[in-house]
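Report on one structure; see the data block that follows.
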Amino acid sequence: MRKLFEMSSLISVEDLSSLKILGGYELVIISEGLAKIRKEGYLISIKGTDIHFDMLMEQSALLSFTELHELRISKELKEGEPYET
């Protein structure tokens, strides 16, 4: 299947109740209270209440939650790269 429109990479939080991801990503883990997603060298960690996917496709996802407790985006270190605080 050929892509007709090029999608740019995007991560957005809407109304503190959903997270939208456009572009390639990797689902690391999902449970009722935790989700981790890897995207372009970053690890996105979400802790909340009643986390679930409303839409899950190859190049886009929509993740919803009743209550957001923590949203953390951290750069993943490459092997041999020093850790800086």
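The model shown is predicted, which means the values in this text are computed figures rather than measured ones.
For the pair Ile51 and Ile30, the minimum side-chain heavy-atom distance is below 4.5 Å. The shortest side-chain heavy-atom distance between Leu71 and Ile44 falls under the 4.5 Å cut-off. Counting heavy atoms from C-beta on, the side chains of Ile11 and Ile37 never come closer than 4.5 Å.
Atoms CZ and OG, from Arg38 and Ser45 in turn, are 12.0 Å apart once rounded to the nearest 0.5 Å. Rounded to the nearest 0.5 angstrom, Glu40 CD and Tyr25 OH are separated by 13.5 Å. Note that NZ of Lys36 and CG of Leu27 are 12.0 Å apart. Values are rounded to the nearest 0.5 Å. Between the NZ atom in Lys20 and the CG atom in Leu10 there is a gap of 7.0 Å [rounded to 0.5 Å]. With values rounded to the nearest 0.5 angstrom, Leu68 atom CG is found 11.5 Å from Lys47 atom NZ. Interatomic distance, Leu22 CG to Ser9 OG, rounded to the nearest 0.5 Å: 8.0 Å.
Cluster annotation: Leu19 is not connected to Met55 through the hydrophobic network of ILVMFWY side chains, with a link wherever side-chain heavy atoms come within less than 4.5 Å. Both Val13 and Phe53 sit in one connected hydrophobic cluster of ILVMFWY residues. Membership requires side-chain heavy atoms under 4.5 Å apart, directly or through other members.
Heavy-atom contacts from other residues, nucleotides or ligands closer than 6.0 Å to CD of Glu58 number 12 or fewer. For Tyr42, the OH atom sits in a loose shell: 12 or fewer heavy atoms of surrounding residues, nucleotides or ligands are nearer than 6.0 Å. Other residues, nucleotides and ligands contribute more than 12 heavy atoms inside 6.0 Å of the NZ atom of Lys39.
A donor-acceptor contact shorter than 3.5 Å links the side chain of Gln59 to the backbone of Gly24.
Across every non-hydrogen atom of Leu16 and Phe65, the tightest pair is O-CE1, 3.4 Å.
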